[in-house]
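Written below as structure tokens is the structure these notes are about.
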Amino acid sequence: MLKPQVMDILSASKDAGWVMEPEAKRLLALSGLPVPKFKWAREADEAVEQAHEVGYPVVAKVVSPRILHKSEWKGVVVGLDSDEGLRKTFERFSRYDGFSGMLVEEMVPGMELIVGAKVDDQFGPVILLGIGGTGVEIYKDSTLRMAPLKERDVRSMIGKLKAHALLEGYRGAAPVNLTALTAMMLAFSSLVMELQDFIETVDLNPVKCSPEKCVIADARIMLVKSGHEDLR
């Protein structure tokens with residue numbers, strides 16, 4: 001059973017056809033998935049206040065229902081380290097079509113992975129794990145399993161990646177927290193099963209995994225058009 005707050009987010013997003021990143025991250029957090037400290041700032045002063053709370057440097061991202069791929073619009077700025085820089089970025093973003101504010105969040109270290117889901121017409125929800133970030137199109141290193149996942153499925157997915165040695169600790173490097181990654185994958189699988197009547201795809205890219213934790217640094221949820229009328 002989806003929480004009422006989750007249903008409210010889906011309902012509020014139906015006109016756009018997708019859940020914008022601040023609300024996608026709130027949905028994930030409500031479902032027990034790890035996200036960075038963030039704030040959806042509608043004014044420049046709010047953005048600065050959040051940056052002071054988190055501590056510089058921070059990441060800033062444009063929020064607009066008309067900008068699906070932020071990187072194509074130079075809508076993501078990493079490593080902002082001053083009030084002046086943050087305000088200038090807010091002002092630049094404010095000129096974008098449909099500007100609805102700016103997401104300000106803490107910077108998170110770690111190896112970049114992609115976690116995703118698609119509701120297949122034949123097989124139902126399918127979960128993806130792969131090497132993510134800007135390298136996702138270059139390495140094309142990913143693996144798929146049908147949901148719901150079990151712990152052994154996640155272990156198998158990790159082992160099937162060509163770059164699995166990087167996750168497990170290569171040439172003396174510290175491994176990523178595979179326990180945290182497994183827990184996140186299982187929680188994501190459960191959420192996708194609950195959302196399957198309302199979603200088309202979910203993209204978590206990148207997921208930042210370090211020896212300490214795994215955190216979802218970016219998220220996009222596409223809603224299935226035929227399910228919009230069922231959202232209340």
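In the hydrophobic clustering of this structure, Ile9 groups with Ile221; members are Ile, Leu, Val, Met, Phe, Trp, Tyr whose side-chain heavy atoms approach within less than 4.5 Å, directly or through other members. Leu103 is not connected to Val48 by any chain of hydrophobic side-chain contacts under 4.5 Å among Ile, Leu, Val, Met, Phe, Trp and Tyr, and they are in different clusters. At a threshold of 4.5 Å between side-chain heavy atoms, the hydrophobic network of Ile, Leu, Val, Met, Phe, Trp and Tyr places Met184 and Leu195 in one connected group. Residues Leu204 and Val78 fall into different hydrophobic clusters, defined by Ile, Leu, Val, Met, Phe, Trp and Tyr side chains chained together at heavy-atom separations under 4.5 Å. Hydrophobic cluster membership is shared by Met111 and Leu161, with clusters built from Ile, Leu, Val, Met, Phe, Trp and Tyr side chains linked at under 4.5 angstrom.
Rounding to the nearest 0.5 Å gives a distance of 9.0 Å between CG of Leu80 and CE of Met107. Between the CG atom of Leu223 and the CG atom of Asp197 there is a distance of 12.5 Å, given to the nearest 0.5 Å. Here the straight-line distance linking atom CE of Met185 with atom CG of Leu128 works out to 8.0 Å at 0.5 Å rounding. Taking OG from Ser210 and CG from Leu181, the interatomic distance works out to 11.0 Å, rounded to the nearest 0.5 Å. A distance of 8.5 Å separates CG of Leu86 from NE2 of His52, quoted to the nearest 0.5 Å. Here the CG atom belonging to Leu178 is positioned 8.5 Å from the SG atom belonging to Cys209, to the nearest 0.5 angstrom.
Between the side chain of Ser11 and the backbone N or O of Met7 there is no donor-acceptor pair closer than 3.5 Å. Side chain of Ser100 to main chain of Gly98: a donor-acceptor pair is present (N/O by atom type, distance under 3.5 Å, no hydrogens or angles). Between the side chain of Gln50 and the backbone N or O of Ala47, no donor-acceptor pair lies under 3.5 Å. Remark: the backbone N or O of Leu30 is paired with a side-chain donor or acceptor of Lys3 at under 3.5 angstrom. In this structure, the side chain of Asn177 engages the main chain of Glu212 through a donor-acceptor pair within 3.5 Å.
Summarising the geometry of Ile127 relative to Ser189, their closest heavy-atom pair is CD1-CA, 4.2 Å, with the distance given to 0.1 Å. Between Met193 and Pro125, the closest heavy-atom pair is SD-CG, 3.8 Å. Listed here is the closest heavy atom pair of Ala217 and Pro36: CA-CG, 4.3 Å. Smallest separation of non-hydrogen atoms from Trp18 and Ser64: CZ2-O, 3.5 Å. When all heavy atoms of His164 and Gly159 are compared, the pair lying nearest together is CD2-O, 3.6 Å. Listed here is the closest heavy atom pair of Pro34 and Cys214: CG-O, 3.1 Å.
Annotation: side chain of Leu113 is in contact with side chain of Leu167 (closest heavy-atom distance under 4.5 Å). With contacts defined as side-chain heavy-atom distances shorter than 4.5 Å, the pair Met102/Lys61 does not qualify. The shortest distance between side-chain heavy atoms of Glu21 and Lys25 falls below 4.5 Å. Taking 4.5 Å as the limit, some side-chain heavy atom of Pro65 sits within range of a side-chain heavy atom of Met20. Taking 4.5 Å as the limit, some side-chain heavy atom of Asp218 sits within range of a side-chain heavy atom of Pro206. The shortest side-chain heavy-atom distance between Val119 and Val224 does not fall under the 4.5 Å cut-off. Side-chain contact between Val62 and Trp73 is absent, with no heavy atoms from C-beta onward closer than 4.5 Å.
Here Phe188 pairs with nothing under the ring pair (Phe, Tyr, Trp, His ring centres under 6.0 Å) rule; sequence neighbours left out. Remark: Phe38 pairs with no residue by the ring pair (Phe, Tyr, Trp, His ring centres under 6.0 Å) rule, at least two apart or across chains. By the side chain to side chain donor-acceptor pair (under 3.5 Å) test, Lys162 is found to be paired with no residue, residues two or more places apart in sequence or in another chain being considered. Partners of Glu72 under the side chain to side chain donor-acceptor pair (under 3.5 Å) rule, at least two apart in sequence or in another chain, do not exist in this structure. Listed by chain and residue number, Glu23 satisfy the side chain to side chain donor-acceptor pair (under 3.5 Å) test with Arg26 (two or more places apart in sequence, or in another chain). Under the side chain to side chain donor-acceptor pair (under 3.5 Å) criterion, Asp203 pairs with Arg220, sequence neighbours left out. Under the side-chain contact (heavy atoms from CB on, under 4.5 Å) criterion, Ala163 pairs with Ile131, Asp141, Leu166, sequence neighbours left out.
Ring geometry, Tyr96 versus Phe93: the interplanar angle falls from 30° to 60°, so the pair is classed tilted.
Counting only residues at least two apart or in different chains, salt bridge (Lys or Arg N to Asp or Glu O under 4.0 Å) contacts with residues 33-59 comprise Asp45-Arg87. For residues 93-102, the set of pairs meeting the salt bridge (Lys or Arg N to Asp or Glu O under 4.0 Å) definition, not counting sequence neighbours, comprises Arg66-Asp97, Glu91-Arg95. Applying the side chain to side chain donor-acceptor pair (under 3.5 Å) test to pairs two or more places apart or on separate chains, none has a residue in residues 113-129. Residue pairs meeting the side chain to side chain donor-acceptor pair (under 3.5 Å) criterion with at least one partner in residues 142-153, sequence neighbours excluded, are Thr143-Arg145, Arg145-Ser156, Glu151-Arg155.
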Legend entry - Steps toward side chain to side chain contact (heavy atoms under 4.5 Å, CB included) verdict (Val54, Val104): CA-CA 9 Å; Val54 171; Val104 181; 5.9 Å; no
Inset, instruction - Begin from the C-alpha positions of Leu191 and Leu27 and carry the test side chain to side chain contact (heavy atoms under 4.5 Å, CB included) through to its verdict. - result: CA-CA 10 Å; Leu191 175 61; Leu27 185 155; 3.9 Å; yes
Inset, instruction - In sequence, state the C-alpha distance, the side-chain angles, and the governing distance for Leu68 and Met222, and then conclude on side chain to side chain contact (heavy atoms under 4.5 Å, CB included). - result: CA-CA 10 Å; Leu68 186 59; Met222 303 301 298; 3.8 Å; yes
Inset, instruction - Start with the C-alpha distance between Val19 and Ile199, add both sets of side-chain angles, then the distance that settles side chain to side chain contact (heavy atoms under 4.5 Å, CB included), and finish with yes or no. - result: CA-CA 10 Å; Val19 184; Ile199 62 170; over 6 Å; no
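Cluster note: Val108 groups with Val215 through ILVMFWY side-chain heavy atoms spaced under 4.5 Å, whether in direct contact or through intervening members.
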